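Worth knowing before you read on, the calculation uses all heavy atoms, side chains too, and leaves out hydrogens, waters and symmetry mates. Here the structure is a predicted model, which is why all the values come from computation and not from measurement. The first residue of the sequence shown is numbered 1, and numbering continues consecutively from there.
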Amino acid sequence: FLDEYAEFIMNGGTVESNKTLDQTASFGGGAFYVREGTLKINYGTIRNNSSTKGGAIYNSSYGKTIITGGKITNNTTAGDEQRGKAIFHSCEYGKNAVLKIGGSANIELTSDVKNEILLTVENTSEDRVIATASDGVVLTKNDMAKIKLSNEGFYLKLEDNKIKLTKIKGEEDETKTVYFGYDVNG
């Protein structure tokens, strides 16, 4: 539990087989609950953890999680809804949450993107895969519309059920697709 500006840096080892005891809680983080602290993962393995949200990591609206390496695998969430088996990144109560995934890290998306995500990508390169849909999940244009990129000179494109980083060409070569939509329920 990282709160009050606490910082945890993981440079190796394994964090495994942890779970939150209250399986009805509105928060989570089987291995790490980042409230007002900072979690940095440079290397190591986080596996076989479980919670209601964020089987491995719950990054709250005030937390900061920076991942540059390591492996997050085989974590689970309780209930019928898949709420971030690996990472649940919350912006429900504010826009101060930070989630940075860089280095050789690759995100696996396990369900539809429900809230807007702002990505900052380190070590940018053309056609680098930023996210891959897990088995049975199909990424849509609506999912793409919710993912924003803070890196200048690049944009995200959906290709083969993967989100790739693409360099913006000169104006004469540039093609942009803009999607508009609305929620019929308000």
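- When the side chains of ILVMFWY residues are joined at heavy-atom separations under 4.5 Å, either directly or via intervening members, Tyr43 and Ile46 end up in two distinct hydrophobic clusters.
- Contacts of Thr166 classified as side chain to side chain contact (heavy atoms under 4.5 Å, CB included), with partners at least two apart in sequence or in another chain: Glu126, Asp127, Tyr155, Lys157.
- A heavy-atom distance below 4.5 Å is not found between the side chains of Glu16 and Thr45.
- Side-chain contact check for Thr38 versus Leu2: every heavy-atom pair is 4.5 Å or farther apart.
- Each of Ile67, Thr68, Ile66, Asn11 was scored for a side-chain contact (heavy atoms from CB on, under 4.5 Å) with Ile41, with one residue passing: Ile67.
- Looking at every heavy atom in both residues, Ile72 comes nearest to Ala56 through CG2-CB, 3.7 Å.
- In this structure, Arg35 and Ser60 approach most closely via the heavy-atom pair O-OG, 2.8 Å.
- Counting only heavy atoms from C-beta outward, the side chains of Ile57 and Leu39 approach each other to under 4.5 Å.
- Legend: residues meeting ring-ring contact (aromatic ring centres under 6.0 Å, His included) with Phe32, ordered by chain and number and at least two apart, are Phe8.
- The salt bridge (Lys or Arg N to Asp or Glu O under 4.0 Å) test applied to Glu7 returns Lys40, not counting sequence neighbours.
- With rounding to the nearest 0.5 Å, the separation of NZ in Lys164 from CG in Leu158 is 10.0 Å.
- Here the OG1-CG distance, from Thr73 to Asn49, works out to 10.5 Å after rounding to the nearest 0.5 Å.
- Counting all heavy atoms, side chain and backbone alike, Asn59 lies closest to Lys64 at OD1-N, 3.4 Å.
- Each of Thr77, Asn75, Thr76, Thr20 was checked for a side-chain hydrogen bond (donor to acceptor under 3.5 Å, both in side chains) with Ser51, and the lone residue meeting it is Thr20.
- Of the inter-residue distances, the one linking Asp3 atom CG with Tyr33 atom OH reads 7.5 Å to the nearest 0.5 angstrom.
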